[in-house]
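Chain A is the first sequence line, chain B the second, and so forth, proteins listed ahead of strands; every chain is numbered from 1. Scope of the values below: all heavy atoms of this structure, side chains included, with no hydrogens, waters or symmetry mates.
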Number of protein chains: 2
Amino acid sequence: MSPTPGLSALDPHSASLAERTIVTLRKAVLAGVLVPGRLYSVYQVAEDLGISRSPVREALLRLAETGMVRFERNRGFRVVPPAPHDIAEIFSIRLALEVPAVRRATLHASADERAALRRRYEAMEAAAHSGDEPAFEEHDQELHALLIDIDGNARAGRIVANLRDATRLAGASTVESDRSLQEVLIDHLPIVEAFEAADAEAAASSMERHLETTGRLLLRRALRRHGSTEDESSIWDRLAGRP
Amino acid sequence: MSPTPGLSALDPHSASLAERTIVTLRKAVLAGVLVPGRLYSVYQVAEDLGISRSPVREALLRLAETGMVRFERNRGFRVVPPAPHDIAEIFSIRLALEVPAVRRATLHASADERAALRRRYEAMEAAAHSGDEPAFEEHDQELHALLIDIDGNARAGRIVANLRDATRLAGASTVESDRSLQEVLIDHLPIVEAFEAADAEAAASSMERHLETTGRLLLRRALRRHGSTEDESSIWDRLAGRP
DNA sequence: CCCTAACATGTAACATGCTACTCATGACCG
DNA sequence: CGGTCATGAGTAGCATGTTACATGTTAGGG
């Protein structure tokens, strides 16, 4: 059969409804439409979205696995902001995965990949200058994702993406109160520079520093929000310490 | 379609039905009741188990997330044995997570926890001596789980458990062909000894050695099964290398 | 004989029905 | 007045109905 160039596909076959619902619900949570702590029902959400309960339940189950949401049998479900301990767990794992990933990625990156990372960083930069925080967060996420992609470990990529999701609630709208976008931006710069210079060790240690400062910051916030008097460093060192 | 003999009876009577179905299906896969490659349907499995499609679908979706199973829209689902690349991915992640976890666990373990680990090892030992491979595998899994438990990172524990599951297919019934239970057992001994001696560095490096030898072994097997001529070390180093 | 397309079959994905449970409320009793 | 218990509303979890689609089969045209 003769191929028909230019007629490849009408969009990547629209994902399943459940899949799209995950995205929708994530946005709703981040936008504050779904308030942490309040009790919701699958019933109600399905009606609001104009779809049936099945895909909604499926989406929520997925989000429940990341810890973003918790089901209460015969009661409903809640959006749960991550507790301090969760933050520490998450960043401990991210440190373990992303630091070696960046080291390997730096060693094996192609010219195209270097250019792609640079473009991501410049997108972050632009978003920072125009003060577009949602876009900034988006590009931040994708920069991290790209590095893991280059490393070639798709599973690790999915794990890290899920972990990031779970922490979004702890950071999102309060980023600017503690740290300007500029500060977060320059936190990433050494990673990108070391990556481009093919200095794997420098890239790895830059990533380590970046994740540690970000993690500790979010941990402090979570402790404050919880009204806990516990010490940040003791929790951090216990779970994410690297002696 | 043909029935699936040997697939019946939901084991424990607790938790949700979907949860129990996950366990049942995992066992069915490991026992070879659900054959890799063959096309099954939710409909059929539900009937064999004497329950409805909902919990079965939910369970399969969970297993699909770990990569143990793959859905094909409007076709059915398959059990997929891990490809060589998957094995390398999985062990790369396990190395990243378990090595630091053991290091921290060793530093912070209580006397009770030391005793518990010792008991696990002795259980492995007993299973090895009596040649009970399923029990051996079980205790092996639980020894690793216990170490992560002691580290206190529940998320990491779940991640590693899922990864282990995904590789079970690659190892399971063929352990003895390449390696005796005794060999696997003594592979664990230095970890336990270092743990008891509170020598964190030794425990970490023993774990690293253990995971590397096991991972490489399973990788070789997967390559052979795939009829691939690719080099074990090039794949391994690319994904799990630690320069 | 090859190619095409209508058709039949079987399925995941989605929609809807049903049930046992949780919990708030308030009447009733000590 | 405080505590117990019926009761009713509302839900997750499970069961079942429905739909759109991917694929194997086969009839029909060249």
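For the pair B:Glu58 CD and D:dT16 P, the computed distance is 16 Å after rounding to whole Å. Nucleotide D:dC14 holds its C1' atom 14 Å from the CG atom of B:Leu49, rounded to whole Å. In this entry the distance linking CD of A:Glu19 with P of C:dA12 reads 17 Å, nearest Å. Between the C1' atom of D:dG17 and the CZ atom of B:Arg53 lies a distance of 8 Å, rounded to the nearest Å. At whole-Å resolution of the value, CG in B:Leu39 and C1' in C:dA12 are 11 Å apart. What separates CD1 of A:Ile22 from P of C:dA13 is a distance of 12 Å, to the nearest Å. In this entry the distance linking CZ of B:Arg70 with P of C:dT11 reads 18 Å, nearest Å. Put simply, CD on B:Gln44 is 14 Å from C1' on C:dA12, counting in whole angstrom units.
Closest contact between the side chain of A:Arg57 and the listed nucleotides C:dT16, C:dA12, D:dG13 involves D:dG13. Side-chain proximity of A:Ser52 to C:dC14, C:dT22, D:dA12: nearest is C:dC14. Distance from the side chain of A:Pro55 is smallest for C:dC14 among the nucleotides C:dC14, D:dA15, C:dA12. For A:Ile51, taking side-chain heavy atoms from C-beta onward, the closest of the listed nucleotides D:dT23, D:dG13, C:dA15 is C:dA15. Of the candidates C:dA12, C:dA15, C:dA20, C:dA20 carries the atom nearest the A:Asn74 side chain, counting heavy atoms from C-beta on. For B:Arg73, taking side-chain heavy atoms from C-beta onward, the closest of the listed nucleotides D:dC14, D:dA12, C:dA12 is C:dA12.
Take the nearest nucleotide of DNA chain C for A:Arg20 and for A:Tyr43: the residue whose nucleotide is more 5' is A:Arg20.
A donor-acceptor pair shorter than 3.5 Å can be found between the side chains of A:Arg216 and A:Ser233.
Counting any heavy atom pair closer than 4.0 Å across all strands shown, A:Ser41 reaches sugar-phosphate atoms only and no base atom. When heavy atoms are screened at a 4.0 angstrom cut-off, A:Ala18 is found touching the sugar-phosphate backbone but no base atom. Among the atoms of the strands shown, only primed sugar atoms or phosphate atoms (P, OP1, OP2) are found under 4.0 Å from some heavy atom of A:Glu72.
Close placement of the A:His144 and A:His188 rings is indicated, their centers lying within 6.0 Å of each other.
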Report the C-alpha separation of A:Glu19 and A:Val23 in whole Å, then their side-chain angles, then the decisive distance to 0.1 Å, and conclude whether the side-chain contact (heavy atoms from CB on, under 4.5 Å) test is met. CA-CA 7 Å; A:Glu19 216 63 55; A:Val23 178; over 6 Å; no
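At most 12 non-hydrogen atoms from other residues, nucleotides or ligands lie less than 6.0 angstrom from OH of B:Tyr43.
Side-chain to base pairing of B:Ser54 with D:dA15: one donor and one acceptor N or O lie within less than 3.5 Å of each other.
Between B:Asp140 and B:Arg120, none of the side-chain N atoms (NZ, or NE/NH1/NH2) sits under 4.0 Å from a carboxylate O, so this pair counts as no salt bridge.
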